[in-house]
Amino acid sequence: MIDDLSLERVPPRAGVLRSADQVPPGSVESLLGESLRGPTEPLELNPHHRTLLATLRERLDLGLRGGDEDALLDVHRSAYTVYEAVLGHPLGPAVHERSAWFNAFRSIYEDAVLRGDVEEITDRLPPEGDATRPDFVRDWFLTEAKQRNALDRTVETALAERATLDQLARFIQADGYLNYRFYDALVLAQPHFMETVKHEISQHMWDECGEGTQHRAHTLQFTRGLRTLSLSLPDVPPWEDWRPYAGHNLYFVLACNRRHYFKALGSLAMPELFDVDRDAAVVKGLERHGYTGSEDFEFFHSHIEGDAEHGPEWLDGVILPIVAAEPDAGIELITGGALRMLAMRRYNEYLAERLGLGDPGTAASPGAATEGPE
Ligand SMILES: [Fe+2]
Ligand SMILES: [Fe+2]
């Protein structure tokens, strides 16, 4: 039964391409747009596709090695468009999903971005021998997720205690895109590895869908929160910064590749453990402005309690049994968790700058935890 179709966020049939006149000529995004609007050629790379892939390689190199932020935005925003083709409207740009150029694009992007990010987290990884012990891996997740650096604290405190309603609204809008895709990231981790894992993920999916009550589905809760603030989410995110794109894409870089399955599970564990304090800060901030969290912003309110349970459940139902069955998965799970923490720290930096929530110049660099567990 359809409760209210207008609450549904159905993927746009045309995909999430920006119009050609908004896109810099010669960029990856521009060449990608032409390929997505072009004919479907399943097995052939035409000269245009070769130019696209060569430009992608160049821009990845400029961004990842040279630190060029425009190049990073170009490649991560383009990859977001590609994942939205994979996950979006079935009658839209998904027509290219088996094309040689489309898969080459994903492969080049995924390998380069993962290589770069893994280099950044190498010094946070434990010795591989330790990571073969289930208890060690569980404790590693608990410790890492509870660490708050100065920037994390700045953002959470600002949301709870100082943020204006406009700042809170912009936070919620920036956060929205992932909230509609989180279910998909879970679903993509569902193919069988162990029954206990399937069982645990199924419970999370059931929660996401409202535990049998449609209007309690987390996406619909979020839509109602947007409405409370008279907000909408444009098809193309308003991010204008590579960091939120990179963090969003990471879920699908990992989830869309079986060989990264354990990393995907490690990455999914982190927000369950980390986000409880963030959600509590958002609710506190909104209540400062006269709203009632449990009625006006069910999404954030329900996740405070929900994730307080999900985090430990994920450790017991996913992390421990996998490492017990396959000790070599331990370092993979940890790598996925560390990649997610890197992405979350980058996102916090972005939030602090975009919303003016603090002075990022005085905050710690991403990944550098300066304070111990809470
Ligand atoms: Fe949720
Ligand atoms: Fe959760």
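Atoms within a ligand are numbered from 1 in the order they appear, just like the ligands themselves.
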Visitor: Taking Glu240 first and then Arg354, would you say they form a salt bridge - that is, a charged N and a carboxylate O separated by under 4.0 Å?
Guide: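 Between Arg354 and Glu240 there is no salt bridge, as every charged N stays at least 4.0 Å from the carboxylate O atoms.
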
Visitor: Nearest N/O/S atom of Glu208 with respect to the Fe ion (ligand 1), by atom name, please.
Guide: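 It is OE2 of Glu208.
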
Visitor: How about Asp307: does one of its N, O or S atoms come closer than 2.8 Å to the Fe ion (ligand 1)?
Guide: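 Given the 2.8 Å cut-off, Asp307 does not count as a ligand of the Fe ion (ligand 1).
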
Visitor: Of all the N, O or S atoms in Glu272, which has the shortest distance to the Fe ion (ligand 2)?
Guide: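 Nearest to the Fe ion (ligand 2) within Glu272's N, O and S set: OE1.
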
Visitor: Look only at the side chain of Thr196 and the backbone of Gly317, and say whether a donor-acceptor pair between them is shorter than 3.5 Å.
Guide: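 Looks like yes, one N/O pair under 3.5 Å.
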
Visitor: Do you know which N/O/S atom name in His218 is closest to the Fe ion (ligand 1)?
Guide: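 Nearest N/O/S atom of His218: ND1.
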
Visitor: Hey, does the side chain of Arg216 reach the backbone of Glu208 with a donor-acceptor pair shorter than 3.5 angstrom?
Guide: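 Judged by distance alone, no pair lies under 3.5 Å.
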
Visitor: Counting backbone and side-chain atoms alike, does His303 have an N/O/S atom under 2.8 Å from the Fe ion (ligand 1)?
Guide: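 Coordinating: yes.
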
Visitor: Is the distance from the Fe ion (ligand 2) to some N, O or S atom of His310 under 2.8 Å?
Guide: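 So His310 counts as coordinating the Fe ion (ligand 2), yes.
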
Visitor: With a 3.5 Å distance limit and no angle check, can you tell me whether Ser267 reaches the backbone of Lys263 through a side-chain donor-acceptor pair?
Guide: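 Not a single qualifying donor-acceptor pair exists.
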
Visitor: Hey, is the main chain of Asn103 close enough, under 3.5 Å, to the side chain of Ser107 for a donor-acceptor pair?
Guide: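 No, Ser107 side chain to Asn103 backbone: no donor-acceptor pair under 3.5 Å.
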
